[in-house]
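See structure below.
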Amino acid sequence: MDGLVIGGRGRRRARQEEEPQHDHNKGLDRISKIPDELAHHILSFLPTEDVARTSALSRRWKSIWRSLPSADFNETRFRHLGLEECKEGFLYSMSIFYLLRNTSPLIQKIRVFSIHPHDHRLQIFLDYYISLSLWKSKLLELDITIDNDNSSTYENSARITYSLSDRVFPYGTHLTSLKLKACYCGPCENVYLPSLKTMSLIYVLISDEMLQRLITNSPKLEDLNIEHCFDMVVLRVFNPSLRRLVVASRGDLMLLEMDVPNLSFFYYHGVLSINHNLNNNEIAVIPRSEIVQFSSPNGSRGFESLKNMILSHVRMQDLTLRSMLRSCPSLETVRLHCCFFGLVPFDLNPRLEVLVMENCRYDTMLLNNETLRGFAMTNHSFFPFSRSLNIKQFDNVKTLALLGNVHFESERFDLTSGPFLETLIVRSCFLLERIRLTSSSLKNLTVESCFYLEHAAVNTPNLEFFSYGGFLLNFSELIMPDDVVIKLRLVKETDDYFTEDLYDQRLWNFYRVFEYKRYISVESEEAETIIVPRSIGLNPTIRFIEEFKVKTVVLLSGMTYVTFLLDVLNLAFCFETLIMNMVSLELQLKFAVPSTMAQLMNERDWVLVYKHDCIKSHLSEAEVMKFEGNAYDMDLVGYLLGNARFLRSLTITFRDQLPPDVISAATIAIISIPRAFPNVAIRFKYN
């Protein structure tokens, strides 16, 4: 029995000693049991140097990282070292990585990112590793960027130091992605990349003939990006599988020859530069600007499926542009940026729906009114780039945006039809003086920063949102529904002859246009620009309003939060919600309006004949945010508590990172303030 007892204890002791070890091994087993595919996916997000360190996790992980099918070498990890040490560390990391892998399976993805020019060793390393990957494994992705931090490399092809191995082209049968930057691609007769889908060549020195071979002999190529390649004069793109094409010229490209029947997106960036002659208001094209020619081989289908096209800094002759647009029967969206044209015949594109033009110069533009649904024109130059805009061309659009120095006939914007127009944006049109707008379909209207605009007549009975920013505007007509959301950003005129009294009277008349509107937001840098002083004795201009927002960042000298609040309250007879953003303080007030008064206010023929006090008679809830406890803040809280006879709750939210002693002193001071309504609930919030 004794022996059994002792043995039992011994077995229990042994189990106790084994249990911690068992739990530890169990944790290791969880890591070791991760499938190779999942482990490779996790490691693919780490730099190669960190991947090698995972070999310390377990014996199995020594083989996991060695079998990782991707290698990412980034020289920026050695940037903190000196120039030579950075280059040596980068090359050493590449060599030691392959030495430690020994005969393990070679990689399928190679990414090399260099920030300095290198000697022949980088050429030898990359040629050797790429050749091994092509020979022993299925190299799928190759991404090489050389000398990325040296901008001079991108200006002179003689500074390119790395030449891509010519073995890539005949033996890269499994290659799906090829991305090169600042490399040299020499001539190669035997080019065949049957699996390639994505190719990007940026600042690559390559001949026209070699580039054409690459494109033509990649039967599955879908995405092609060619940017600022050296010695590229003629670009021939013949590939029926291509879906997306981006071309950026260095200024040498003169001819585009295309046969891409399945292309859906095309972006071309040229080198056109435009200068202004301030003496005669003319625009001149500098001599370096290229004139691009476009053609399609006889019998080709050109851009048969192209839907989206972007042209930037391009100059074309009329016949060239006409030939190009005629070959795009499916074109739906066009964006032109800094382009120089004569005749723009978009009437050749029966499916064109959206047209955006930025800083473009043209003489005549033809459009298909029946299909165009969106048009935007932007001109940030002081002088107009084109002739007067014919608004009648856009009768059927849903969205119309005119931004910058757009030229209007007689400085007038006159749109009285537009049966489908829903959104209209007119911004920074300095030549515009008058607007006349009649539309029953318009829902969103924005007129901002048109500082020469003097008169407006707006008849939009179904408008949902109206934003105006600028000087006080004279409205000869303003028809909008009462529930329209109105946003006003006012700028005060600085003319010497413009007296304060005259401005106050004009501001009062400006607000009168918006009476009966329920949701109004007013914003200005200076408080005096948005309030009508009580001293002039004018009655409130806005009748009953549900929500009124006011924002300013500068108060007048001698003005406090209380006086600014009273001036704002003088703008309308009564509010439901008043939201104020005053310099550093935010205030939200809610008023309880008696039902009899609300009914009276809704009567259109009622005339205001007596003064009122919203704070004393109707304020029910108040919230002060970003409270700092200074004299202005305490003065406002004291006024609300001392005058609001029906105030049920007051919430004080202190500003972030306010010292505890300031919060404590402000809290005690607020609690001790005399109250017009003794039962008001005061809440304090601390962030």
Side-chain angles (χ1 to χ4, degrees), residues 353-354 356 372-378 391 394-404 406 413-429 432 434-451 453 455-491 507 510-525 529-530 541-552 568 571-572 575-581 588 602:
E353 295 183 359
V354 178
V356 179
L372 193 65
R373 292 294 177 265
F375 177 78
M377 174 176 283
T378 303
I391 300 298
F394 313 108
D395 282 348
N396 293 326
V397 300
K398 288 185 177 181
T399 301
L400 180 59
L402 305 174
L403 315 174
V406 180
F413 178 87
D414 195 339
L415 183 63
T416 57
S417 55
F420 305 105
L421 186 63
E422 296 181 358
T423 300
L424 174 61
I425 301 174
V426 181
R427 182 179 294 129
S428 302
C429 295
L432 186 62
R434 296 175 179 269
I435 288 181
R436 186 164 68 100
L437 178 63
T438 301
S439 175
S440 60
S441 61
L442 193 63
K443 296 181 179 180
N444 300 283
L445 174 59
T446 298
V447 180
E448 296 178 351
S449 302
C450 301
F451 293 113
L453 186 63
H455 300 279
V458 180
N459 186 344
T460 53
N462 296 309
L463 197 67
E464 298 177 358
F465 174 79
F466 173 58
S467 175
Y468 173 76
F471 300 143
L472 298 182
L473 185 61
N474 295 322
F475 287 95
S476 59
E477 180 183 30
L478 184 66
I479 299 177
M480 297 177 181
D482 290 345
D483 59 352
V484 62
V485 177
I486 298 175
K487 180 180 179 181
L488 306 173
R489 180 174 177 82
L490 302 181
V491 179
L507 180 60
F510 178 80
Y511 281 131
R512 286 191 62 184
V513 178
F514 302 102
E515 64 176 348
Y516 300 115
K517 302 300 181 285
R518 299 174 185 173
Y519 311 101
I520 300 179
S521 172
V522 184
E523 182 177 343
S524 180
E525 296 293 326
T529 307
I530 58 179
T541 56
I542 305 173
R543 303 298 173 89
F544 184 74
I545 182 171
E546 294 184 14
E547 182 179 272
F548 192 61
K549 296 181 180 180
V550 178
K551 181 178 180 181
T552 186
V568 170
L571 294 177
F575 304 87
E576 281 192 8
T577 301
L578 173 62
I579 301 173
M580 302 181 64
N581 192 327
Q588 180 170 318
N602 286 329

Query - Nearest-0.5 Å distance, CD1 of residue I530 to CZ of residue R489 - result: 10.5 Å

Query raised in the report: Quick one: which of L445, L463, N462 gives a side-chain contact (heavy atoms from CB on, under 4.5 Å) with V484?
Result: L463

Report summary line: Rounded to the nearest 0.5 angstrom, the CE-CZ distance for M580 and F548 is 9.0 Å

Query raised in the report: Out of curiosity, S439 OG to L424 CG, how far, rounded to the nearest 0.5 Å?
Result: 8.5 Å

Query raised in the report: How many angstroms lie between atom CG of D482 and atom CD of E515, to the nearest 0.5 angstrom?
Result: 9.5 Å

Query raised in the report: What do the steps show when you test L421 against V397 for side chain to side chain contact (heavy atoms under 4.5 Å, CB included), and what is the final call?
Result: CA-CA 6 Å; L421 186 63; V397 300; 4.0 Å; yes

Query raised in the report: Nearest heavy-atom pair of Q588 and T577: which atoms, and what distance?
Result: CG-CG2, 4.4 Å

Query - Set of residues satisfying ring pair (Phe, Tyr, Trp, His ring centres under 6.0 Å) with respect to F466, sequence neighbours excluded - result: none

Query raised in the report: Among all residues two or more places apart in sequence or in another chain, which pass the side chain to side chain contact (heavy atoms under 4.5 Å, CB included) test with I425?
Result: A401, L403, T423, R427, T446

Report task. State, to 0.1 Å, how close E477 and N459 come at their nearest heavy-atom pair, and which atoms those are. Result -> OE2-ND2, 3.8 Å

Query - Set of residues satisfying salt bridge (charged side-chain N to carboxylate O under 4.0 Å, His left out) with respect to R436, sequence neighbours excluded - result: D414

Query raised in the report: In terms of the angle between their ring planes, are Y468 and F475 parallel, tilted or perpendicular, with boundaries placed at 30° and 60°?
Result: perpendicular

Report task. Work out which heavy atom in P481 is nearest to a heavy atom in P461; give both atom names and the distance. Result -> CD-O, 3.3 Å

Query raised in the report: What's the verdict on side chain to side chain contact (heavy atoms under 4.5 Å, CB included) for F510 and L490, showing C-alpha distance, side-chain angles and the deciding distance?
Result: CA-CA 11 Å; F510 178 80; L490 302 181; 3.8 Å; yes

Report summary line: On a heavy-atom basis, the closest approach of H455 and L473 is N-CD1, 3.8 Å

Report summary line: Here the gap from N581 atom CG to K551 atom NZ, rounded to the nearest 0.5 Å, amounts to 5.5 Å

Report task. To the nearest 0.5 angstrom, please state how far the OG atom of S521 sits from the CG atom of L488. Result -> 7.5 Å

Query raised in the report: side chain to side chain contact (heavy atoms under 4.5 Å, CB included) between L442 and E422: does it pass, once the steps are laid out?
Result: CA-CA 4 Å; L442 193 63; E422 296 181 358; 5.6 Å; no

Report task. Provide the closest heavy-atom pair for R434 versus L432 in the form atom of the first, atom of the second, distance. Result -> O-CD1, 3.4 Å

Requested in this report: Considering non-hydrogen atoms only, spot the tightest contact between C450 and S428 and give its length.
Outcome: SG-N, 3.9 Å

Report task. Kindly indicate, with the supporting measurements, whether the criterion side chain to side chain contact (heavy atoms under 4.5 Å, CB included) is fulfilled by K443 and F465. Result -> CA-CA 6 Å; K443 296 181 179 180; F465 174 79; over 6 Å; no

